[in-house]
Structure formats: C-alpha cells, structure tokens
Amino acid sequence: MPQPRVIYWFRTDLRLHDSPALKAALDLKPEFMYPIWTWDPHYVYHARVGSNRWQFLLDCQNDLSKSITKLNPKSKLFLIREAPQTLFPKLFKEWKITHLVYEKDTDAYGRDRDNKVNEIAKEAGVEVITRYGRTLYDSDELVEKNNNKPTMSISQVQAAGAKIGGIPRPVSSPKSLPDPGPTKLSFTQQRPASSPDINAIQRDAEEKSYTSLAGPNGDFAVPSMEELGLKPATTSHRGGETIGLKMLDEIIENEDYTATFEKPKTAPTAFEPQATTLLSPHMHFGSVSCREFYWRVQDVVSKYKGKASKPPVSLTGQLLFRDMYFGAQAALGYAFGQTYNNPQCRFIPWHLPSEIDTKTGLITGKYLVDNAEAEIHFKRWKEGRTGFPWIDALMRQLKLEGWIHHLGRHAVACFLTRGGCYIDWERGAEVFEEWLIDHEAACNIGNWQWLSCTAFFAQFFRCYSPVAFPQKWDKEGEFIRRYVPELKDFDKKYIYEPWKAPIVDQKKWGCLVKGDGSEGAGGATQTYPKPMFDFATQRDICLQGMKNAYHIGLYGNDPKVLDGTWRKLFDDHAEGPTEGTNGPPGAMVKHEDENAEGNGAESDNQETPTAPKDSKKRNGKIGTKEKNEHKRQASQSTLDSMVTRKKKKA
DNA sequence: CCTAGTGTTGCCGTT
DNA sequence: CAACGGCAACACTAG
C-alpha cells in the first residue's frame with residue numbers, strides 16, 4: 001500500500017478551523033497533500049455573482065492560502081483553472097493521487113457535480129472521502145429523521161435534530177500540514193464554454209479565468225479582480241477566515257449581546273455598526289464554521305447569569321433556520337428553487353413569471369413580461385427608485401454593500417411580491433443572488449418563499465408598510481439620509497413620505513419630489529421620484545389576489561399548474577394581480593389548448609373552485625429523483641439573462 | 001376526527 | 001407609553 005497522496009478539495013469551506021473533512025484528510029497521514037480549488041465555470045459564468053461577492057471569495061482564498069503557507073511554507077491553496085469534471089481525471093493521473101477529500105454539498109448543482117466527480121474518482125481508483133461541516137446537522141440525515149420530508153418549520157428541525165442527537169463540537173485546527181508533492185501539469189487545459197455568460201455585466205474588461213491551468217504566472221495564485229475583468233467591488237465588508245474569526249471573537253466577548261440576542265428586536269435601520277453579526281457571508285464561504293459559531297454562543301448562554309434568549313429568536317436559532325432551509329433544499333433538489341413542480345410551494349399567478357423549459361421542467365432564467373407596468377415596477381424596485389425612501393434606501397444599500405439587515409430583506413421582499421408589486425418571488429431572488437455577499441441559495445430561496453407566503457409562512461395579511469415599519473426603529477430617518485442622500489435635509493415628518501412635503505419645503509430642503517427617477521443626475525436641482533403607486537391601494541389589490549390564490553389552493557406540482565390549465569380557475573374581473581385567462585400568458589408554460597376549450601366564458605360561471613382542502617393531498621413524497629435528473633442551465637436560484645441582456649443593449 | 005393554541009420580527013386604533 | 005384586539009384568516013402541532 002503506497003503512502004496516501006491526497007487532494008483536499010476546498011469549496012465552500014474556506015477555513016482551517018473546525019473542518020471535519022480536512023481532519024479526515026490529515027488522518028490519512030498523507031505523504032503529499034494538495035490543497036486545491038478548482039475554477040468552476042458554474043460560478044464564473046452561470047451563477048449570478050456580483051463584484052462584491054467575488055471580492056469576498058477572493059479574500060477568503062487569499063487568506064486561506066496564507067494560513068496554509070504559515071503551517072507549511074511549501075504549501076498554499078493551489079488554484080487550478082479548469083472545471084472539476086474535466087480536470088480531475090487528468091490530475092489524478094498526473095499527481096498519482098490515492099484519495100480525494102472534500103466537504104459535502106447538498107444543493108442540486110453541487111450534488112450533480114460531486115456525483116460526476118465521484119464516478120471519475122472511482123474509474124481512476126481514487127478513494128473519495130467526504131464529511132459534512134456546512135450546517136449544524138447533516139442535511140440528508142435531518143431530512144431522513146423528518147420522515148424523509150423537507151424541513152418546513154423550525155419545530156420540525158428541532159424534532160428531527162433531537163432524534164439525531166447533539167450537534168458536533170468543533171474539531172481542532174491542524175498544527176501542521178503535509179507537503180504538496182510535485183505540481184507539474186503536463187496535460188492540456190480544457191477550457192469550458194463561456195456561453196451563456198450571465199456574469200458579463202459584472203465585468204468591464206475581458207474575463208481571464210482560463211488563461212492557463214496554473215494562472216498567468218504558473219504559480220496557482222489567487223487571481224485579482226482586475227485579472228478576472230471584474231468591476232471593482234463597492235462594499236467595505238471583507239472576507240477571510242482571519243477576519244471572520246476576529247468578528248466572532250468580538251461578538252462572543254460581549255456576553256450580554258450574545259446571550260440575549262433577539263432577532264426581531266434588532267434594528268434594520270442600524271448602520272455603523274449594524275445590529276446583527278454580519279457573519280452570514282462567512283457562513284456561506286465557510287470562513288467561519290457554523291458549528292464553531294453555535295458552540296461559542298451556546299457556551300456563553302449556558303453560563304449566562306441573566307435571562308438568555310432562546311430559539312428561534314436567539315443567535316443559535318438563526319443557525320437552526322439555516323439548517324431548516326438546507327433541509328428543504330436537500331429534500332427537494334432543483335424544484336426547491338422554483339414554484340414550478342415544487343410540491344411545497346404555493347402557486348400564485350404573480351406578474352413577471354418565470355419561463356419554463358418544458359423538457360426539463362426547470363425555469364430558464366428568462367421571464368415573461370405579462371404586464372408592462374409590472375416590468376417598470378420591477379426595474380424601479382431593483383434600482384432603488386420606487387419613490388418609497390425606505391425601500392429605495394435598502395435596495396441602494398444592497399447594491400452598494402452587498403448586505404442588508406434581515407428585516408430590511410423582509411421589507412423589500414414583501415414589497416416586491418405579496419405586499420406591493422405582486423411580482424414573482426423568483427425575480428426578487430435573482431436580484432438577491434446577484435448582489436448579496438452572503439447569498440446562500442437555500443436561505444435565499446427559502447426566505448423569498450417565506451416572505452411571499454408561498455411556503456414556510458402563510459399569514460399574508462401581515463403586510464409590511466414602507467412608512468410605518470421603519471419608524472419603529474428610526475423616527476429620525478437617519479438610515480434614509482445615509483442611503484438616499486437627496487432627502488438628507490428633509491424634516492423627519494416627511495422623511496418616509498417625501499411626496500407629502502409642501503413644494504416650498506422641498507425647495508428649501510434642496511430636492512424636488514417628481515418624475516420616476518430615471519432622468520439621473522445632472523439637473524440643476526436634485527430630484528427624488530414620486531411613489532410609483534399608492535401603497536394602500538396596491539396593498540389591497542395584493543391582499544385580494546392572495547386571498548383568491550389561497551382559496552384556489554394550487555401548489556407548484558399541481559397538474560393544472562404543470563399544464564397551464566390553472567388559468568381556468570382564476571377569475572379575471574379583478575383588476576391587477578389575478579390575470580387569469582385574460583391577456584398574454586400569465587404564468588408558466590403556454591398551453592396549446594388555450595383556445596380549444598372555452599376560455600374566459602365558462603369560468604365566468606364560477607363553479608366552485610378547487611377547495612383549499614384538496615391541496616392537502618398534494619404529493620409530499622420526496623426522493624422521486626427520476627423526474628428531476630435534468631441539469632439546469634444555470635444556478636439553482638435562477639437566472640436573469642433577459643433583464644441583463646436588455647440592459648446591455650441599452 | 002376535532003379543537004385550541006401557536007407561529008422568528010404587521011398595522012392601526014383604543015384603552 | 002404599553003398592551004390589546006380587530007383586521008380577516010392561514011398552517012401546523014399537540015392533545
């Protein structure tokens with residue numbers, strides 16, 4: 001038996017501390033260990049990744065590489081610029097690898113990729129070792145203990161977690177690392193197809209990920225933003241295990257904060273410093289281990305003298321929610337990221353629905369503009385010019401910094417979907433996917449479903465007001481003044497409703513409320529847009545639409561949703577959201593028989609629509625993988641090529 | 001089967 | 001100022 005030659009494949013576990021997989025690799029006592037990162041075209045071209053998140057990733061890689069070198073000057077993080085699926089067969093041979101070790105993933109794309117890599121390893125006679133360290137519990141085990149069903153509530157997570165037993169304590173960090181072996185690469189690079197390149201809009205120069213296998217200097221170095229052609233990041237939030245652990249230390253040092261944290265009581269309007277930990281991007285990239293976080297908090301709570309908060313509102317509760325979303329994702333696969341064919345997601349005929357590839361049953365990344373006004377609303381929402389300062393401030397902070405407070409995410413998500421624009425949550429999820437530095441597909445998708453009341457949460461009559469809600473924390477409107485500087489001199493009386501300020505005052509405060517915000521700067525006087533609709537009116541329309549859709553009670557996997565005949569169940573007379581048989585295709589696939597069988601006429605006579613109870617027998621069975629075997633063209637949380645392409649042309 | 005209570009974080013008016 | 005109920009009404013869980 002030759003001494004092991006190990007590849008440790010880093011992915012979203014960019015750390016040395018508490019890594020069960022890394023420990024497993026070291027336990028092999030390898031002759032050589034290569035810590036590598038493969039440059040996956042999925043991330044480069046197909047997932048939406050804004051500059052701010054790119055920077056965070058590169059930060060994590062640089063920091064990790066330095067830490068590796070500190071433990072062994074001969075070693076580092078070796079970046080190899082090829083897709084893992086094509087690289088590994090060649091690499092295994094060239095470096096005479098005996099073992100491949102990595103931390104397991106449960107998202108749909110990750111599983112497909114890893115299954116392929118495992119096959120390749122098997123063919124090459126390479127042993128694969130995986131461990132789970134990305135969540136508190138192994139997501140697959142959590143699902144299993146939840147009767148093989150997706151975890152859809154926090155109580156299910158707690159019950160299933162209790163069956164599993166304790167959350168593992170962090171494993172110790174390595175004190176030393178083996179040498180890497182020879183790093184010569186004599187094979188040729190296979191460049192991945194770069195089309196479609198969803199991230200083209202993130203760049204202002206040529207994309208050069210795949211110049212050569214070991215990079216332009218042949219040293220496997222982490223590339224710079226410039227080298228990747230990426231626009232400069234605008235955020236001040238930086239990545240890396242060193243920074244992440246320091247942030248964690250500072251949180252833990254403050255025992256009162258750590259032990260009494262209650263998420264609903266933290267202010268979404270707080271900036272410098274923010275009210276929450278900002279560890280979420282570190283959770284995503286693995287630069288801080290969630291179990292390290294959990295146990296450091298739990299140990300403070302255990303010995304805390306006062307009254308400590310408890311899940312779900314406590315800090316550890318936040319991690320349980322993360323596990324809940326990972327459990328839902330693990331059980332549902334690709335369907336989790338969309339309404340279509342998702343047994344857990346309510347069907348609501350939103351505006352701007354996703355286009356479906358009828359062959360794969362997956363959303364394509366494009367969407368249908370069923371309503372011109374909704375398209376305008378969507379653009380104004382994304383660009384932070386809705387005319388509602390609270391919404392615009394949040395969206396501008398999101399774009400600039402890549403992070404907004406959780407409750408701020410609630411506010412903008414509710415506003416886009418059930419509590420304002422009545423636009424498909426998948427549109428919003430795509431924007432978050434692009435801009436968030438902490439974007440985690442499972443959590444993002446789950447939270448969008450939550451806020452849009454399509455899954456996890458159902459009390460749609462609890463609707464966030466863009467005027468009243470922020471005032472709970474920020475009567476003065478400091479947050480608005482920071483992110484919507486046009487309004488910085490407005491009196492607090494009008495800061496959340498500037499359109500109500502008298503013209504005289506608007507002039508006095510140096511900003512006129514007019515137009516739609518599209519003119520841009522340049523004029524002599526500053527302007528801030530008028531609100532794009534009357535909120536109260538729009539809220540009522542949304543509530544009516546939600547009530548109706550809930551009453552009809554379809555889920556994403558209902559045959560009527562799959563074939564498009566759902567339209568017959570919706571009454572068209574309501575202006576706005578329901579958009580039944582009227583007009584262009586409202587949602588999902590175009591169904592050929594639209595004209596064949598009576599269109600609007602019959603549905604006027606409203607035979608009792610499918611009762612909500614009927615939906616109870618919806619298919620809750622999971623693991624029927626056969627149907628979901630298809631590859632998605634893009635990242636799990638959908639694409640936005642239509643918008644981006646349009647933007648490019650313009 | 002039913003009922004009562006609860007659910008991470010709404011808003012508004014009344015007491 | 002806090003606490004509460006109405007709003008019009010949902011899903012899930014424990015018993």
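The chains referred to below are lettered A, B, ... by the order of the sequence lines, with proteins before strands, and numbering in each begins at 1.
When the nucleotides dG10(B), dT8(B), dC12(B) are ranked by their closest atom to the side chain of A468(A), dC12(B) comes out on top. Closest contact between the side chain of Y464(A) and the listed nucleotides dG10(B), dA11(C), dT8(B) involves dG10(B). Relative to the side chain of Q459(A), the nucleotides dT8(B), dG7(B), dA9(C) differ in distance, and dG7(B) lies closest. Distance from the side chain of I154(A) is smallest to dT8(B) among dA8(C), dT8(B), dT13(C). Among the nucleotides dG10(B), dT13(C), dT8(B), the one closest to the side chain of P312(A) is dT8(B). With distances taken from any side-chain atom of Y325(A) to the nucleotides dT8(B), dC12(B), dA8(C), the minimum falls on dT8(B). With dC10(C), dA9(C), dT8(B) as the candidates, the nucleotide lying closest to the side chain of F321(A) is dT8(B). Side chain of A458(A), nearest nucleotide from dC10(C), dT8(B), dC11(B): dC10(C).
Checked against F415(A) for a ring-ring contact (aromatic ring centres under 6.0 Å, His included), the options W381(A), W390(A), F533(A), Y422(A) give a single hit: F533(A).
A salt bridge is defined here as a Lys NZ or Arg NE, NH1 or NH2 lying under 4.0 Å from an Asp or Glu carboxylate O, and E141(A) with K104(A) fails to meet this definition. With respect to R134(A) and D13(A), no salt bridge is recorded, no charged nitrogen being found less than 4.0 Å from a carboxylate O. The pair R15(A)-E292(A) does not count as a salt bridge, with every side-chain nitrogen at least 4.0 angstrom from each carboxylate oxygen.
Across all strands, W473(A) comes closer than 4.0 Å to no nucleic acid atom at all (heavy-atom distances).
Look at the P atom in both dA8(C) and dT3(B): the space between them is 23 Å, to the nearest Å. When the C1' atom is used for both dG7(B) and dA9(C), the distance is 14 Å, rounded to whole Å. When the C1' atom is used for both dC1(B) and dA14(C), the distance is 14 Å, rounded to whole Å.
Under 4.0 angstrom from either OP1 or OP2 of dT13(C) there lies at least one side-chain N or O belonging to Q156(A). Considering only side-chain N and O atoms, K265(A) lies nowhere under 4.0 angstrom from the phosphate OP1 or OP2 of dT9(B). Residue R462(A) has no polar side-chain atom (N or O) positioned under 4.0 Å from OP1 or OP2 of dC10(C).
Between the T339(A) side chain and the G556(A) main chain, no donor and acceptor come within less than 3.5 Å of each other.
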